[in-house]
Amino acid sequence: MSKRLVVIVGPTAIGKTRVAIEVAEALHTEIISCDSRQMYREMRIGTAVPCAEELAAVKHHFIGNLSIFDYYNVSMFEQDCLHLLDRLFLEYPVVVMTGGSGLYADALCNGIDDFPTVDTEIRQTVTGWFQTEGIEYLRRQLKMFDPEHYSKVDLQNHKRIMKAIEVCLQTGRPYSSFLTAQHRPRPFEIVKIALNRPREELYENINRRAGIMMDEGLLEEVKELYPNRHLNALNTVGYKELFAYMDGQHDLDTAVELIRRNTRRYAKRQLTWFARDKAYQWMHPDHIDDMIKIASGKYGGHLSTI
RNA sequence: GGUACCAUAGCUCAGUAGGUAGAGCAACGGACUGAAAAUCCGUGUGUCCUUGGUUCGAUCCCGAGUGGUACCA
């Protein structure tokens, strides 16, 4: 019998946690989180991880499984998920995946090209080039190492250029030679659902949730993390704005407003990402019964797609 | 009730010696292959309060109205 992965994505604060839990409960299965920040156990309030009650209701994977000091990336997530699914599908015919990190979800659904992990020293070297020589220097290096990628990459985006150079240095091969963009077949069926609601409502949720996080003690969480604020994991909405407040760059009210604005912008970027994949069925988070039907493979009747 | 000032983008405001307008913030759209809640790119979205008048032409000048603010009563 064919196994099925039900992917439920959506912008931050849309209500994914509740939906995923209800669907997973109805199907008596477990949840895989695809959220690049909820993995860090030190970041709980600011990443809105499911509460203890929710975690007790349905077994969740990839929540609080890492430390902010750990190195982790999409490819590792892909592999970890595939291994986990091998195990879960022995027990369950259907597994639910939910989260807001579109790249992570896609890595599991479609696969991602392999290339060697880059040594820390090489990454530091390239980062140093950017800091001391600037982006134009990076562009010249990339043009030399990998003219093909140079012609395609966003030359304004230093991260993209740096990534490519790092791989070139690590392997002695052009970065573009690793890119196949091949869709990797998976030994299970994938059903994709994307949640959305009127923008105004989404923004109300986001604005309200920022206040709730502050009430729950986000500032205290951030204060504990302050000494490590330069770690990548902490370059995150909700944390960076409060670090800036602690540095005296603006007052607390301003910091909270910036968290709200930056979360809104993040939500828009997520929506743009998900919209590109036409396989997603867009649904309102309140239409859980329909989602359970889809998740169970029962497509009959009217579905409240939006 | 009287006098003065104001009315332009979602908000705060600038401006046009009369030729249908622009900043900041907010907002909107897009890209994305191992740091992705990251990173990067693009876009003014407007009955210039309403209505008469002067004018080839009014957001701008004049009158009236409406709404607001301040002061005097």
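Reminder, nothing fancy here: chain letters follow the sequence lines and each chain counts from 1.
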Span that lies between the [atom1] atom of [M] and that of [N], in whole angstrom:
N: B/rG63; M: B/rG22; atom1: C1'; value: 30 Å
N: B/rC61; M: B/rC5; atom1: P; value: 12 Å
N: B/rU8; M: B/rC48; atom1: C1'; value: 4 Å
N: B/rC71; M: B/rU20; atom1: C1'; value: 37 Å
N: B/rC56; M: B/rG24; atom1: P; value: 39 Å
N: B/rA64; M: B/rU3; atom1: P; value: 11 Å
N: B/rU47; M: B/rU43; atom1: P; value: 22 Å
N: B/rG52; M: B/rU16; atom1: C1'; value: 23 Å

Please pick, from [options], the nucleotide with the shortest atom-to-atom distance to any side-chain atom of [X].
X: A/K240; options: B/rC41, B/rU39, B/rA31; answer: B/rU39
X: A/R261; options: B/rA38, B/rG34, B/rA26; answer: B/rA26
X: A/K268; options: B/rA36, B/rG30, B/rA35; answer: B/rG30
X: A/Y104; options: B/rA38, B/rA36, B/rC41; answer: B/rA36
X: A/Y203; options: B/rG34, B/rA38, B/rC28; answer: B/rC28
X: A/L103; options: B/rA38, B/rU33, B/rC25; answer: B/rU33

Describe, in one word, how the ring planes of A/Y104 and A/F77 are oriented to each other, choosing from parallel (under 30°), tilted (30 to 60°) and perpendicular (over 60°). tilted
Kindly assign one of parallel, tilted or perpendicular to the pair A/F188 and A/F89, based on the angle between their ring planes and the thresholds 30° and 60°. tilted
How close or far is atom [atom2] of [N] from atom [atom1] of [X], stated in whole angstroms?
X: A/L155; N: B/rA31; atom1: CG; atom2: P; result: 18 Å
X: A/N232; N: B/rG34; atom1: CG; atom2: C1'; result: 11 Å
X: A/R37; N: B/rA36; atom1: CZ; atom2: P; result: 5 Å
X: A/N157; N: B/rA31; atom1: CG; atom2: P; result: 14 Å
X: A/Y266; N: B/rU39; atom1: OH; atom2: C1'; result: 13 Å
X: A/L138; N: B/rU39; atom1: CG; atom2: P; result: 16 Å
X: A/R199; N: B/rG29; atom1: CZ; atom2: P; result: 4 Å
X: A/H158; N: B/rA35; atom1: NE2; atom2: P; result: 12 Å

Have a look at [X] and say if it touches a base, only the backbone sugar-phosphate, or nothing, with a 4.0 Å heavy-atom cut-off.
X: A/R265; result: sugar-phosphate
X: A/G46; result: base
X: A/F178; result: nothing
X: A/T12; result: nothing
X: A/D113; result: base
X: A/A181; result: base
X: A/Y71; result: sugar-phosphate
X: A/Y175; result: sugar-phosphate
X: A/T47; result: base
X: A/N262; result: nothing
X: A/R269; result: base
X: A/D114; result: base

Using a cut-off of less than 4.0 Å, is there contact between a side-chain N or O of [X] and OP1 or OP2 of [N]?
X: A/S101; N: B/rA36; result: no
X: A/Y72; N: B/rA35; result: no
X: A/N73; N: B/rU33; result: no
X: A/K159; N: B/rC40; result: no

For [N], the Watson-Crick or wobble partner whose two distances fall under 3.5 Å:
N: B/rA9; answer: none
N: B/rU39; answer: B/rA31
N: B/rA73; answer: none
N: B/rC49; answer: B/rG65
N: B/rU20; answer: none

One thing to verify: whether A/E257 and A/R261 come together as a salt bridge, which I'm taking to mean a side-chain N less than 4.0 angstrom from a carboxylate O. no
Position toward the 5' end of RNA chain B (nearest nucleotide), A/Q270 or A/L258: A/L258
Under a 90° cut-off about 0 for the syn range, is B/rG34 syn or anti? syn
Please determine whether any donor N or O and acceptor N or O are separated by less than 3.5 Å between the side chain of A/R160 and the base of B/rA38. yes
Under 3.5 Å, is there a donor-acceptor pair between the side chain of A/R173 and the main chain of A/F178? no
Taking atom types as modelled, is there a side-chain donor on A/N262 or A/E241 under 3.5 Å from an acceptor on the other? yes
Please give me the minimum heavy-atom distance between A/D251 and A/Y245, naming the atom from each residue. C-CD1, 3.7 Å
Are A/V58 and A/E25 side-chain neighbours, meaning at least one heavy-atom pair lies under 4.5 Å? yes
In terms of heavy-atom contacts, does CD of A/E224 have more than 12 from other residues, nucleotides or ligands at under 6.0 Å? no
Taking a hydrophobic cluster as the set of Ile, Leu, Val, Met, Phe, Trp and Tyr residues connected by side-chain heavy atoms closer than 4.5 Å, whether directly or through intermediates, do A/Y175 and A/M144 fall within one such cluster? yes
